[in-house]
**Q** 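Below is a structure I'd like to ask you about.
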Amino acid sequence: MLIQKASWIRMKDAASTIVPVFRRKFETPKQVKTAVLEVTCDGVYEAVLNGKRVGDFILAPGWTEYCKRLQVQSYEITGLLLDSNTLEITVGNGWFRRTNAPWTGTKNPDEFLPAMLIAVIHIVYVDGSEELIPTDEKWQVSESTITLSGIFIGEDVDMTKKPVFQSAEICDYSKQILIPQEGPEVHEQEYIYPRKSFRTPKNEWVVDFGQNMTGYMTFEMDAHAGERLSFSTAEVLDKDGNFYTANYRSARSQLHYICREGHQSYKPKLTFFGFRYLRIDEAPEGFCAENIRAVVLHSEMTRTGWLNSSDTMLNQLFSNILWTQKSNYLDIPTDCPQRDERYGWTGDGQIFCRAGTYQYDVRQFFRKWLADMRAAQHDNGWVPEVIPSLTAYKPGGAGWSDAVAIIPWQLYETYGDVSFISDMYEAMKKWIAYVPTVTKTPDLFTGCWTYGDWLALDHPEGYVPPTIELSKRGYSNDDLVCSAFYANSVNIVIRAGKILGQDVSEYEKLYSRIKKAYTKAFGDRLNTQTEKVLTLHFDLAENPQALADALAEQIKACGTKLQTGLVGTPYLLHELSRYGHSYIAWSLLLRKEYPGWLYSVSKGATTVWEHWDGIKPDGTFWDDDMNSYNHYAYASVADWVYGVACGIKPAAPGFAKVRIEPHPDKRLNSLCAVLDTVHGRIRSSWKYTDDGIRYEIETPVETEVIIDGVSKTVGKGKYVFG
Ligand code: BGC
């Protein structure tokens, strides 16, 4: 990369909170054949050449394991060039310069690194000559019109502020971390018009976009210089209809804009928000809420999956699942897009990954994130709980760190691309080799930190949690949860190793020891729903049918309610269906009361919530401290709808061969799933008719179709059964 020839530059003596704009004027006296800008920074930037934005990448350079990897973008800028040119690049704090970031070495924002830029313009003239314009002290820099910027803060803008340029200063910062862009770019994807604007009981002026989302607002207006426009963001209104922001915790999540004179429009350049509602906190005289749009942002990915049913509430759930994925696949897979986290939680990432691969082509998206996971993995094998990592955070533990094995294996299954497992094989092995160094019991994973079955609902009555942290966890045995995930990761290493032609005999011996130890330790102590589900899902049960029957009975006995948390829920319906209890699986999916997937839909949700009862039946909230309305762990149920309800599963990696075994249920009239695989389109639908069920199936490859337990093998084509 030519950027290696450039120097890092900064604004002399500028505090880390200053949002500078770097400027370089240059002439192109001869006819230009091609011109390319390579650029990156220690924050997020927007580049503008001759008044036009360079590229469509919002929030470039994205978020990576910055200590080791910082992406460089390469833009073709030939079409933007004039004879005399001005390139301006504004650098905000972004993900790089924020609290808890190891690369800043401090938690105090005042001590963060200042904004720094590195870039080079490479011009090739028609006559064959070349010119390089690297960042150096010939560049100038000024404070920009953005007076405050941060991922959680939002943006403060003063359009009356005039730049005062000075020479930029060369500074010393690593160029070894620079890598070419790997992930898909984040782009503006959709524009949403306000559904309505209204006054709340507290007389707040609120705009409703009708959809919870990730992105920012844009507006157009006439104003006088110095007039102010300010927005706050919210996902939901409280039970009285007032604006609710407490669940954003310390994330300010606001835009403050000081107008210039005349007609103007604006959108934030260096931040994003998770929101459905905007509160207009102040506005110029005559400002019209109808002139605001919401701009939806997410990583560029091709849609591959569609679900549709005869039930409007279920269709709303499908829509909510899709929007939750869009909202949280913003450069990295995040837990939520609104509060002061927005982290790449490994547990959430793996929990939703299978559903995510049904709905979008996520190959490039995960390839980058997995590279960050490898970069963040500690030498002793532990995988941080959030990727990119943060100092204040610890090993993820079972279910979280196991993302290192589960995600690449899932990507291999969905896309048939062996490189996902070959790239991650050493990292998976390192993680499972870490376990024996910390466990308290040989061949199991015990006595170690874990989030357990996070957010499970199965505290027995009168249970007093030992700490506040534990109150958010279920009652499943932590050692069992850890050991079950350990077994699964070892099993993945065995399967991956075989595909890669590795000797896995030691892992096979380890796996059978784990199974034996697991049965001995937990075989007769499978109490909670999650304990049963994990034992079934990871094939650790001695008598799986009896265990699944017991699980079904247990669910019925408590009023057909799930009690599973983050680790149990994604597998629950799968295991019920696998052992003949699809009726109960459907009951759980169609349940409209708490806890159930349609409960939030009945409360008007447009994305999936972190808690089943984020808004309780009486309209009050789950605690403010952890209450996201855009969290995809429970959205993982989509993979049961595609893979079991409509029955589409790969019979060979990448769907090179397919197995379709639908599991219809009379409580729904019809259901249809469409899936674009690397081998072509699969479609599976069923519909109840007067005299039975009509199945329609389309497949691009050899497929085993199983209907009512009867198997038929069909080739590429469209088929109707029943
Ligand atoms: C996140 C979760 C995450 C968890 C760890 C939360 O704050 O939002 O989804 O997995 O912490 O248990």
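Numbers here are sequence positions counted from 1. Just so you know, ligand 1 is whichever comes first in the structure, and atom 1 is the first atom listed for that ligand. Hydrogens, waters and symmetry mates are skipped; everything else that's a heavy atom, side chains included, is used.
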**Q** Holding to side-chain hydrogen bond (donor to acceptor under 3.5 Å, both in side chains), I want the full list of residues that pass it with Tyr632, two or more places apart in sequence or in another chain.
**A** none
**Q** Using the side-chain hydrogen bond (donor to acceptor under 3.5 Å, both in side chains) rule, collect all pairs that involve residues 597-607, keeping only residues at least two apart or in two chains.
**A** Asn212-Thr607
**Q** Centroid-to-centroid, Tyr571 to Phe538, below 6.0 Å?
**A** yes
**Q** Here's a test for you: under side chain to side chain contact (heavy atoms under 4.5 Å, CB included), which of Leu572, Leu562, Thr564 qualifies with Ile555?
**A** Leu572
**Q** When you measure from the centre of the six-membered ring of Phe272, is the NZ or CZ of Arg342 closer than 6.0 Å and no more than 45° off the axis?
**A** yes
**Q** Mind jotting down which residue pairs meet the salt bridge (charged side-chain N to carboxylate O under 4.0 Å, His left out) criterion with at least one end in residues 367-377? Sequence neighbours excluded, please.
**A**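 Passing the test, one end in residues 367-377: Arg69-Asp372, Asp331-Lys368, Arg367-Asp417, Arg367-Asp423.
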**Q** Please produce the table of protein N or O atoms sitting under 3.5 Å from N or O atoms belonging to ligand 1, one pair a line, distance to 0.1 Å.
**A**
unit_1: ligand 1; atom_1: 7 (O); unit_2: Arg339; atom_2: NH2; d: 3.2
unit_1: ligand 1; atom_1: 7 (O); unit_2: Glu341; atom_2: OE1; d: 3.2
unit_1: ligand 1; atom_1: 7 (O); unit_2: Glu341; atom_2: OE2; d: 2.6
unit_1: ligand 1; atom_1: 8 (O); unit_2: Asp335; atom_2: OD2; d: 2.7
unit_1: ligand 1; atom_1: 8 (O); unit_2: Arg339; atom_2: NH2; d: 2.7
unit_1: ligand 1; atom_1: 8 (O); unit_2: His631; atom_2: NE2; d: 3.0
unit_1: ligand 1; atom_1: 9 (O); unit_2: Asp348; atom_2: OD1; d: 3.3
unit_1: ligand 1; atom_1: 9 (O); unit_2: Asp348; atom_2: OD2; d: 2.5
unit_1: ligand 1; atom_1: 9 (O); unit_2: His631; atom_2: NE2; d: 2.9
unit_1: ligand 1; atom_1: 10 (O); unit_2: Asp348; atom_2: OD1; d: 2.5
unit_1: ligand 1; atom_1: 10 (O); unit_2: Trp400; atom_2: NE1; d: 3.1
unit_1: ligand 1; atom_1: 12 (O); unit_2: Trp454; atom_2: NE1; d: 3.4

